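The next block holds one structure in the form of structure tokens; read it before the comments.
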Amino acid sequence: MLKDLLQSLFADALIAAQTTGALPVFDLPTVEIQRPKQAEHGDYSTNIALVAAAAVRKAGGAANPRQIAQAVIDHLPSGDLIGGVELAGPGFINIRLADAWLQRQVLAILAQDTAYGNLTRGAGQYWQVEYVSANPTGPIHYGGARNAVLGDTLANVLEAAGYRVQREYYVNDAGTQFEAFVASVYARYAALFGRDVPFPENGYPGDYVVDYARRIAAEQGDALLHLPQADALVRLRPLARAVVLADLEQELKRIGVEFDAWFSEQSLYDQGLVQQALDYLDARGELVRRDGAVWFAASRYPKNDKDEVVIRSNGMPTYFASDIAYHYDKFIRRGFDHVVNVWAVDHQGHVPRMAAVMQALGLDPRRLTILMYDLVKLMRNGQEVKLSKRAGNLITINDVVDEVGADAVRFNLLTRSPESTIEFDLDLAVAQINENPVFYVQYSYARICSILARAATEGLTLRDDGAVPVHMLTHPAELALLRKLIELEEQIELAVEKLSPHNLTHYALELARTFNIFYRDCKVVDMEHPELSSARLHLAQATRIVIAKVLALLGVRAPESM
RNA sequence: GUCCCAGUAGCUCAGUGGAUAGAGCGCUACCCUGCGGAGGUAGAGGUCAGAGGUUCAAGUCCUCUCUGGGAUGCCA
């Protein structure tokens with residue numbers, strides 16, 4: 001990466017200054033390369049002299065940061081990357097990239113095409129991202145779209161950073177919620193044939209349950225009614241599961257979210273993994289018996305103030321038991337190097353417990369990251385609308401996608417940092433979406449495509465012999481665009497490091513804006529200046545590649561026309 | 001009670017311990033007989049909730065207070 005390159009150049013300069021005696025010997029500080037907020041401070045800056053001065057002072061020497069900075073500058077190795085450096089303020093070193101180097105990046109981008117911006121930091125690492133994992137009891141509330149989009153985009157970004165990634169949905173097809181759902185389907189199913197089965201008290205009253213029942217009836221007829229209810233429920237479970245999962249899969253696909261694996265909670269029981277994981281913990285002395293129940297001794301671990309039941313006094317395991325088994329399976333059986341779980345903020349209490357579980361299993365808790373995100377608050381006329389599957393009044397992903405389209409949904413959900421609450425006003429949705437910034441980015445992309453097409457009609461095409469006069473790209477708008485293009489890898493790095501891809505939407509907007517300024521100031525197709533036109537055409541193509549890359553990471557379409 | 005998250009422009013929100021705190025929308029005034037105007041330029045608009053502290057440097061880190069949301073089940 002460019003930053004790493006600069007970092008080593010300045011570290012070398014500092015060592016060289018120490019070797020020649022221009023600077024005293026002290027422990028090498030970490031060289032930080034930053035991006036200044038203001039353009040006049042250069043492309044990058046480093047505080048190496050300020051940090052070094054503190055180190056010298058601690059060693060008892062007298063140190064003037066500006067003098068240290070000057071010594072570093074004097075010993076900077078020569079090369080074609082840096083166009084100039086400048087000593088500024090209390091001792092910052094401002095770095096300006098060489099124009100010639102910037103211009104050459106057009107060719108680098110064209111050569112790497114869709115691979116441009118990819119990193120190697122994840123090479124050899126096998127990660128899992130587990131997301132959505134909504135209970136398979138009906139359509140997904142719109143808030144679930146945020147989970148889906150975050151997880152999916154994060155997985156995209158990790159792949160671009162060189163990680164091998166598995167995308168997984170954990171299907172909670174065991175336990176009381178799912179049983180209540182199956183019983184609800186059964187009641188609706190029976191009603192279709194005029195049989196009156198009392199609707200379960202904790203059931204799911206939504207109309208969609210009737211729809212599921214109809215679909216099952218269409219396949220099975222009234223066959224299930226000829227069985228005792230208990231047997232019918234056993235038969236119904238896989239049928240209900242299949243119907244609801246088919247719906248979930250289809251609904252998620254509409255916002256571009258697909259999974260490599262749908263992992264069944266029930267399978268953990270069927271394979272004896274829950275027992276195996278609990279035995280494993282028991283052997284390690286992590287379980288205690290009390291009040292007729294079996295507890296995981298979480299309170300031994302930091303940030304946990306109480307133990308947690310894994311086997312109820314009635315002998316039934318809790319969801320926590322299967323969750324332990326699930327993570328036992330992820331790390332010990334399947335061997336992921338790292339797992340990211342995307343959870344809504346209402347699961348926050350579960351986070352320290354999982355950290356405790358990791359340690360109890362003998363695993364490094366840092367290998368499990370929980371990406372928490374806040375809720376999507378649905379508003380209507382400035383009033384919050386409370387929705388729930390239980391109440392049967394849902395705003396689903398499908399509902400919103402029907403209204404505003406998948407691209408706007410994804411982009412909108414990705415412009416805010418995960419921990420911020422999103423307010424989404426249903427009445428304003430369409431209006432808000434029409435001024436959605438995603439269209440600004442897509443429009444710029446379409447405009448580039450249009451320019452390329454226009455150029456072709458003038459006989460101006462991209463060339464692959466490397467003989468592009470990129471040195472002619474000297475206009476401020478051209479150089480600004482070049483600078484913005486080469487930020488891509490840093491943006492991907494940032495998204496991976498912080499596990500929050502929302503900076504990519506901001507980058508996409510800045511990129512589009514920078515291109516629009518270039519478009520205004522620099523006519524691309526101008527056949528009176530064929531050489532300059534050619535250089536600009538390649539710059540436009542490079543921009544197209546980078547915008548397409550960012551949009552692909554975000555899961556947003558890059559349309560050639562709108 | 002304890003714990004977690006948030007509080008930044010009129011609104012919705014960005015902001016990596018660095019230099020003069022940003023964007024979109026809205027508002028005002030301009031630019032356009034140029035490749036797609038879904039564009040560009042400029043302006044108004046801020047005690048970064050408050051108070052201490054750490055640091056050469058704090059919107060950013062620490063402590064406390066206030067306000068809002070969430071978590072604190074033998075539910076998942």
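Every chain is numbered from 1 and lettered A, B, ... according to where its sequence line falls, protein lines coming before strand lines. Predicted model only: the values in this text are computed from it and were never measured.
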Q. Could you run down nucleotides 13-21 of chain B 5' to 3' and tag each one B, S or - for protein heavy-atom contact under 4.0 Å?
A. SSSS-BBB-
Q) B/rA38 P sits how many Å from A/Q442 CD, rounded? A) 15 Å
(Q) If the condition is ring-ring contact (aromatic ring centres under 6.0 Å, His included), which residues does A/H350 pass it with, not counting sequence neighbours? (A) A/Y319, A/F320, A/W343
Q. Is A/E130 salt-bridged to A/K330, going by a charged N under 4.0 Å from an acidic O?
A. yes
**Q.** C1' atoms of B/rU2 and B/rA58, separation to the nearest Å
**A.** 29 Å
Q) Base, sugar-phosphate, or nothing: which does A/Y440 touch, judged by heavy atoms less than 4.0 Å apart? A) sugar-phosphate
Q) Who pairs with A/P469 by side-chain contact (heavy atoms from CB on, under 4.5 Å), at least two apart in sequence or on another chain? A) A/H471, A/M472, A/E531, A/S534, A/A535
Q) Taking only residues two or more places apart in sequence, or in another chain, which ones meet A/Y440 in a ring-ring contact (aromatic ring centres under 6.0 Å, His included)? A) none
Q. Quantified in whole Å, what is the P atom distance between nucleotide B/rC4 and nucleotide B/rA9?
A. 26 Å
Q) Can you list every pair that meets salt bridge (Lys or Arg N to Asp or Glu O under 4.0 Å) and has a residue in residues 342-356 of chain A, with sequence neighbours left out? A) A/E308-A/R353
Q) Is it the case that A/D173 and A/S264 place a side-chain donor and acceptor less than 3.5 Å from each other? A) yes
Q.
Between B/rU12 and B/rG26, how many Å separate the two C1' atoms, rounded to a whole number?
A. 11 Å
Q) Which part of the nucleic acid does A/C522 contact within heavy-atom distance under 4.0 Å: base, sugar-phosphate only, or nothing? A) base
Q: List for me each residue that meets ring-ring contact (aromatic ring centres under 6.0 Å, His included) alongside A/Y326, sequence neighbours excluded, and say none if there are none.
A: A/Y170, A/F263
Q: Tell me what A/I517 touches on the nucleic acid: a base, only sugar-phosphate, or nothing, going by heavy atoms under 4.0 Å.
A: sugar-phosphate
Q | Whole-Å C1' distance, B/rC75 and B/rA38 | A | 49 Å
Q: For A/E458, answer base if it contacts any base atom (sugar-phosphate contacts may also be present), sugar-phosphate if it contacts only those atoms, and nothing otherwise; contact means non-hydrogen atoms under 4.0 Å.
A: nothing
Q: State which residues pass ring-ring contact (aromatic ring centres under 6.0 Å, His included) with A/F92; sequence neighbours excluded, sorted by chain then number.
A: none
**Q.** Under 4.0 Å protein heavy-atom contacts per nucleotide of nucleotides 71-76 of chain B, with B for base, S for backbone only and - for none
**A.** SSSBBB
(Q) Would you measure the distance from the P atom in B/rG39 across to the matching atom in B/rG45 and give it in whole Å? (A) 25 Å
Q. Under a 3.5 Å cut-off on both pairing distances, which runs of 3 or more consecutive Watson-Crick or G-U pairs involve RNA chain B?
A. B:1-7 with B:66-72, B:10-13 with B:22-25, B:27-31 with B:39-43, B:49-53 with B:61-65
**Q.** P spacing across the pair B/rA51 / B/rU60, given as an integer number of angstrom
**A.** 12 Å
Q: Report yes or no: is the cationic atom of A/R237 (NZ for Lys, CZ for Arg) under 6.0 Å from the centre of the six-membered ring of A/F178, at an angle within 45° of the ring normal?
A: no
**Q.** Distance test, side-chain N/O of A/R536 to OP1/OP2 of B/rC35, below 4.0 Å
**A.** no
Q) If you measure from the C1' atom in B/rU41 to the same atom in B/rC11, how many Å do you get, rounded? A) 24 Å
Q. RNA chain B: A/K377 or A/K523, which has the more 5' nearest nucleotide?
A. A/K523
Q: With heavy atoms under 4.0 Å as the rule, sort A/A446 into base, sugar-phosphate or nothing.
A: base
Q: Could you pull out all residues at least two apart from A/C522 that satisfy side-chain contact (heavy atoms from CB on, under 4.5 Å)?
A: A/H475, A/A477, A/E478, A/F518, A/R536
Q) With a non-hydrogen cut-off below 4.0 angstrom, is A/F178 in contact with a base, only sugar-phosphate, or nothing? A) nothing
Q | Under the side-chain contact (heavy atoms from CB on, under 4.5 Å) test, residues paired with A/E86 that sit two or more places apart | A | A/N94
Q) How far, in whole Å, is B/rG70 from B/rC27 if one measures between their C1' atoms? A) 36 Å
Q. Taking only residues two or more places apart in sequence, or in another chain, which ones meet A/T461 in a side-chain contact (heavy atoms from CB on, under 4.5 Å)?
A. none
(Q) At 4.0 Å (heavy atoms only), tell me whether A/M372 reaches a base, stays on the sugar-phosphate, or touches nothing. (A) nothing
